[in-house]
Amino acid sequence: MGATRNTGQSAVDLRIWGKARGLGDDRYPVVCHLLDAAAVMRVLWRDSVSPGLRAAVSADLGVSEPEAGRLLELWAGLHDIGKITPSFQQQVAVPAGYPLTNVDQGLPHDVAGGRWLASALREAGYPDERRKRVAKLVAQVVGGHHGCFHEPHPAAVHAENRAGLGLGEGPWDEQREAAFAALRVIVEAPDPPPAMSPHTAAVVCGLVILADWLVSQIPYIKQRLPDVPASGDIPRLRTFFEGSLLQAPGLLADAGLGRLRLRPGGFSEEFPFAPNALQSSVTERLPSLATGPGLLMIAAPMGMGKTETAFHAARVMGEAAGTSGTFVALPTTATADQMYSRFADYLARRSDHPAPLTLLHSMAWLSPVYTLLDGSTGTGGESTDDIASHDLAARVAATEWLRGAKRGLLAQAAVGTVDQALLAVLPLRHNTVRMSALAQKTVVIDEVHAFDPYMRDLLCVLLRWLGRLGAPVVLLSATLPRHVARELCAAYLGGGADALGRASELELPYPGWAYVQRDMAASVTTSVPVADRERRSLAVTLAPVAIAKGGEVDRMPRLQAELAALLSHGGCAAVICTTVDHAQATYRALRDWFAQERAHGRPAPELRLLHSRFPARQRERITEEVIAAYGKGGDRSTPSVLVATQVIEQSLDVDFDLIITDLAPFELLLQRAGRGHRHPVNDAARPAWARTPRMVVLTAPGGDTPRVPQVWRYVYPHAALVRAQRLLERRGQEPIVIPDDVQGLVDAANPGERLGAADPLLEGYETAELESLAAVMVKRQSANLAAIDTPEKLKRLHRLTARDLSEDVAGTRFDADSQRVLPCFVDAEGTYRLGGFDGEELPRPTGEGRLTRDQRAAVMHHTVPVRGSLLTDRSPALDPPEEWSTDPLLGRLVLLPHTAGADGGVRGPAIGDRLFTLDPEEGLLIRRR
């Protein structure tokens, strides 16, 4: 199958292979793989890529949508042109007649393809002037198909310099030209585009990568092998291409790619209940405002149905902007798990066709709801009926392909942590796949008030990309400071002087919403009326705590006083502590008190504990019990107390008669207060002492001149705690009226970064403010260093990615110092076991040398996250088994072996000056020796 001539053009040599792995003795010609990719791109552009992104790409290229599609077909087809080089072909076999002189043996084929195309595209008429370097950009797109852009070779744009690039000469160059020419003829490539922006090149690269992924699947290649033509002339290659086009729709369907189709309708048609004032306002006004991609910000108290409002708004805005899916982002894995079930139910009711829904966070593959809805076996032994109906599972189950690494955002619908979106603006390999996926979706981000300055700056970069690419965004918050709302609005509008000016005029009402588009002169704001019956008067009791020697906080005198009525008359309360150590200590103290009550014949409430340092499966079980006990319509007949950390303040649907909380920044106190008297349906079961909402704030001693404990200042900014306490002290006995008082108090507690501006709430604590501003500056500078360029500033594609940065260590959160440990138990024979001395042995790899999914899950269910800085002095004896070293998850674990003492007690290991012991009730205890 050598090179021949056809109508004056060299035929492609089919001996030049493109795929060999997994094919036995067969070789798949590189030109066939290129044609496969071009064919799949045609179907992707037609059936999967969102109308909005198609329009944005076409407009930026300055061509029609059909022409843009043909250009992307050609570029996708060229992605592996760099395999027609001696350095690549030598991996298996170099065809006879191809010289091995002047060869760069170590040149990767993606780099080779980009280098060769820089001059080849220029010769083909692609602009390469100073302001329109289309040839160089397209060459970088093709060279970036492995997920990492490369810095352009300075000499590559000139054909006379090819000999020095190490690509192979003579027949090699002829074959690259032949493949390029064949692709142009077969896909009927149009004239080169007059222009292309770097940000468009980035998302186009994401689409090229997707096409390559799809046609690189070994089963697909094996299916196509019998259709490989006998020779590489144009007619036979065209016939092969037509066969690829016939196969492409099925390939996309099997992968689960497509467009989300939701039935239109008003709010009452989408949900089985009548809309409230907020929901009615959005459903009545938003459709006439949304004429293209825009930003919707909703600010309202907890319990006003913001989530359902967001689902409805996302559909309306998606229709206007031409998106093809939805991504719902939450602040934590626990809140994402909860949202997954709610969104799955919505999709099952409203989608015209099955809509694959993925769950995206680091531990999603262990979530029982996700694994069961997706048809996975899981490890808990449940059936699908235990969690959801078969119909729901069938309508939202994600395909196996979508569950692969880095593919989850490509699903028509996805729920996950906000980190999954922020990874798109970090210089990571394949971040363009994430960006192209997000650019085709309506992005809903909940709890935006929970972001610190580092995450907020990353979010601003993401909003600038989404705004530029035409993706609509919905932001939700219960306590959003006005200056933060303006900052996020300005980012979506482009971040320039005009955007800052328009955003500075934004007055986000509370409760209410604001909507803005880049092509709108000003934002539209709508205040939501609140009926008197919907207002809540929150009584706040300030209870100073004693600070014991060594800085420990003594809560018990106040807790005993505040919980006395609960012990006598029933009810339920939440006690929220600042740290896990304090929550565990508080749990022990309450447990001892309740035991004394029982010993004297008096009833005592149930006691629960929830924090982040429980093994994963145990934490999951406790969370389910907490939601069942304290959720809407839960059984409240037995008095009970939950001791918890901040894990319950965001999105968990729980409702207590009384909230007792450590001092925290003011907006977080309001979040915690929202976990009290949340559901009117529970009011009838509340005891007489809890007829009205009340929150007890355990404050620092000193009243209006607070002496804030060091441990609280370690977690939260000192200035924020002083502001919160002084705001509450100066209100005296005046209750907080929700929603009327919320925005004013939140803005007073969060005035923004006003260096040198006097703040009466910080008089006498100016040093604390300077420390806070310095910490904010460090976070913002760190975010600026970590994030990719905004689309307006982007000039060089290679700045978007870095070869040596892994998603596992990428910083979507400032100073994210978390590592998972595995408490295990060593029996008398020295065998390491999971869950106890009689538990299962640590799993070993199967005959194939790998751990099965169930084996990995069994281990990860017993792991606990801790601060990595606590593990730096560990012994090599705590490293995982050697057989786990190649596993991306298990290979990074730190073992915590527990042994049985002569006294019957259990001892964990020491690391540095701390002892680590897993307690069955309290979770992982970390104590100083």
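None of the values given here were measured: they were computed from a predicted structure.
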Atom [atom1] of [X] and atom [atom2] of [Y]: how far apart are they, to the nearest 0.5 Å?
X    : Y    : atom1 : atom2 : result
L422 : I445 : CG    : CD1   : 7.0 Å
I788 : L426 : CD1   : CG    : 8.0 Å
L762 : H718 : CG    : NE2   : 9.0 Å
L296 : Y515 : CG    : OH    : 8.0 Å
L466 : L459 : CG    : CG    : 9.0 Å
T417 : L359 : OG1   : CG    : 9.0 Å

Hey, is the main chain of [Y] close enough, under 3.5 Å, to the side chain of [X] for a donor-acceptor pair?
X    : Y    : answer
Q279 : N276 : yes
R502 : R518 : yes
E308 : F271 : no
Q584 : L609 : no
Q819 : R867 : no
D655 : G631 : no
K306 : P301 : yes
E649 : Q671 : no
R726 : L761 : yes

Pair R678-D653, salt bridge (Lys or Arg N to Asp or Glu O under 4.0 Å): steps then yes or no = CA-CA 8 Å; R678 183 178 179 89; D653 191 8; 3.0 Å; yes
Could you tell me which residues satisfy side-chain hydrogen bond (donor to acceptor under 3.5 Å, both in side chains) with [X], sequence neighbours excluded, listed by chain and number?
X    : answer
T333 : none
S782 : none
Y765 : none
R730 : D704

For [X], give me all partners under side chain to side chain contact (heavy atoms under 4.5 Å, CB included), at least two apart in sequence or on another chain.
X    : answer
T323 : A321, T442, P472
T579 : D581, H582, V711, V715
E771 : T767
T645 : V580, A583, H611, V647

Taking only residues two or more places apart in sequence, or in another chain, which ones meet D419 in a salt bridge (Lys or Arg N to Asp or Glu O under 4.0 Å)?
->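 Scan of D419 (salt bridge (Lys or Arg N to Asp or Glu O under 4.0 Å), adjacent residues dropped) gives R813.
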If you define the side chain from C-beta out and look only at heavy atoms, does anything of [X] sit under 4.5 Å from [Y]?
X    : Y    : result
L669 : L728 : yes
D759 : P751 : yes
T326 : F311 : no
Q646 : Y716 : yes

Would you call [X]-[Y] a salt bridge at under 4.0 Å N-O?
X    : Y    : result
R535 : D740 : yes
R617 : E620 : yes
R731 : D741 : yes
R613 : E922 : no

Extract all donor-acceptor atom pairs below 3.5 Å that involve side chains of residues 475-483 and protein atoms in other chains or at least two apart in sequence.
residue, atom, partner, partner atom, Å
S477, OG, H449, ND1, 2.8
S477, OG, T479, N, 3.1
S477, OG, L480, N, 3.3
R482, NE, E507, OE1, 2.8
R482, NH1, D747, OD2, 2.5

Give every residue pair that meets the salt bridge (charged side-chain N to carboxylate O under 4.0 Å, His left out) criterion with at least one member in residues 775-787, sequence neighbours excluded.
->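 As it turns out, the salt bridge (charged side-chain N to carboxylate O under 4.0 Å, His left out) pairs with a partner in residues 775-787, which skip direct neighbours, are D452-K779, D457-R780, E487-R780, E753-R780.
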Does a side chain donor of either E667 or N750 reach within less than 3.5 Å of an acceptor in the other side chain?
->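 Yes, a side-chain donor-acceptor pair sits under 3.5 Å.
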Return the set of residues passing ring-ring contact (aromatic ring centres under 6.0 Å, His included) with F656 (not counting sequence neighbours), or none when no residue passes.
->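 Y630.
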